[in-house]
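What follows is a single structure, written as structure tokens, with notes after it.
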Protein chains: 2
Amino acid sequence: MMAGLRERKKEQTRRRIAETALRLFAERGYDEVTVNEVAEAAGVAKVTLFAYFATKECLVLDEVKEDMARIVTERAPGLSPLGALRAHYRAFAEGAGEIDADSLLARVRVISGSPALLAGVHQAHAGQRYELAAALEREPGDLTAHLLAAQITAVITTLQEQFFHRLACGAPLAEAGWRLAGEVDVAFDLLEHGFAASYGDKS
Amino acid sequence: MMAGLRERKKEQTRRRIAETALRLFAERGYDEVTVNEVAEAAGVAKVTLFAYFATKECLVLDEVKEDMARIVTERAPGLSPLGALRAHYRAFAEGAGEIDADSLLARVRVISGSPALLAGVHQAHAGQRYELAAALEREPGDLTAHLLAAQITAVITTLQEQFFHRLACGAPLAEAGWRLAGEVDVAFDLLEHGFAASYGDKS
DNA sequence: TTTGAAATTGAACCCGGTACGCTTTATGCT
DNA sequence: AGCATAAAGCGTACCGGGTTCAATTTCAAA
């Protein structure tokens, strides 16, 4: 396989666009920057920009795609779906200190500052819900699987919001990490054992 | 309070726009109809249309706003939040047979047929999540309340999807209703007691 | 009946996104 | 090395949702 000057240039262009976009958004806010400006600042035509990123949102969100379904389908044997997801998010939380803080923080602030992008994140999670439901389904039309998938994505969305909110407020990454770890456990315990003790009828 | 010729005309105009829109969308599909066409068919200027409906989505979704938060805050004394919500959705499911089927069905088919509108529904539910979380919060920053709110909205979204899907596939309203009633109970039982029995680690 | 606020309008405009046809450039083949 | 080809990029015009603004109509209150 050749080095491929062409492919290198392509990835380079893509990165240049994404970085330019994130920088401009961080400076002036997502809604205050037009895609034309991004394209021009990246030295590229608008059409070319949209050849790399399907929508304006993708400029920010494409780099951050998760796939919960894979965590379930590729889990270690003997581990339950819930166990696998809990372990994955615990591991992320505990390893949060080692992430490139600057890049993450800029992205988080841009996202948190724009309703449109927050909506985009919700949409992405809604999309994952279907894949996760498919991965959890034990028989066609398994209602419990769909409910579980919905609840898991809802929980992850909530935890991510808390995490983002703390980062956006200036908390150091390490601290946000270990607080997240605790919250992951609270959340998965509730998923497994329910809210009857906290919010249900006394019975 | 006067009858108000002006206000009557206003509501009349609003309804004319909404009905025209729903009819056109049902005939040709949401994405194939332009807001200009809706405005023209309703005998009104585009600007006027947007004075009544903030976005194109609102033409379909504004009539269908729920408010889960109110169900919680105005629940009967002695009833838990989860109990109140379960009762409310059971009551809806059991009374489904008495709804105006034609109007509902048209709307459901339009919504189900357009990714953009489905996304809009998700957005609306996400918005409710915040209000519901606020209604459930027992102290500032109550993580459990936010998790519960997220899971409830996720569950309701899922149940609504099942319900819509069945209606869109031609199931009679009464049948879809009683199936929904059973699903409501399954869903709230899982919310109260968790998924450990179905999906957790054997322990 | 005058007066003022609310409703409505047309037209121009902004922005995200697409269609089309054209140039440039890397690459694989001879 | 040279050439054909396909990919990458470009300019422009266009579309549809949504806003702005100044001008006009219409109800209602004094």
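Order of the sequence lines sets the chain letters (A, B, ...), proteins ahead of strands, with each chain counted from 1. Basis for what follows: all heavy atoms, side chains included, without hydrogens, waters or symmetry-related copies.
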- Using a 4.0 Å cut-off on protein heavy atoms (strictly under), produce a 5'-to-3' string for nucleotides 4-12 of chain D with B for base contact, S for backbone-only sugar-phosphate contact, and - for none. --BBSSBBB

- Interatomic distance where NZ belongs to A:Lys56 and P belongs to C:dT18 [whole Å]: 15 Å

- Go through the structure and list residues passing side chain to side chain contact (heavy atoms under 4.5 Å, CB included) with A:Ala41, not counting sequence neighbours. A:Thr20, A:Leu24

- Can you check the A:Leu49 CG to C:dG17 P distance for me, whole Å? 10 Å

- Applying the side-chain hydrogen bond (donor to acceptor under 3.5 Å, both in side chains) test to B:Thr157, which of B:Gln128, B:His125, B:Arg129, B:Gln162 qualifies? B:His125

- Item | Atom CD of B:Glu27: over 12 foreign heavy atoms under 6.0 Å | yes

- Task: Starting from P on C:dT8, measure out to CZ on B:Phe53 and report it in whole angstrom.
- Result: 12 Å

- Do B:Lys56 and B:Asp31 sit within salt-bridge range, that is, some charged N less than 4.0 Å from a carboxylate O? no

- Write down the distance between CZ (B:Arg28) and C1' (D:dG16), rounded to a whole number of angstrom. 14 Å

- Message: I need the residues from residues 30-39 of chain B with at least one non-hydrogen atom less than 4.0 Å from DNA chain D; give them sorted by number, or say none.
- Response: B:Val33, B:Thr34, B:Val35

- So which pairs with a foot in residues 92-109 of chain B pass salt bridge (charged side-chain N to carboxylate O under 4.0 Å, His left out), sequence neighbours left out? B:Arg90-B:Glu94

- Query: Rounding to a whole Å, what distance do you find between B:Glu40:CD and D:dG16:P?
  - Reply: 13 Å

- Note on the structure: Applying ring-ring contact (aromatic ring centres under 6.0 Å, His included) to B:Phe50 and not counting sequence neighbours gives none

- Message: Can you measure B:Phe50 atom CZ to D:dT19 atom P for me and round it to whole angstrom units?
- Response: 7 Å

- Message: I'd like to know if A:Arg179 and A:Glu183 make a salt bridge, using a cut-off of under 4.0 Å between side-chain N and carboxylate O.
- Response: no

- Query: Please give, in whole Å, the distance from C:dA5 P to B:Glu7 CD?
  - Reply: 17 Å

- Query: With B:Arg15, which residues qualify under side chain to side chain donor-acceptor pair (under 3.5 Å), at least two apart?
  - Reply: B:Glu19

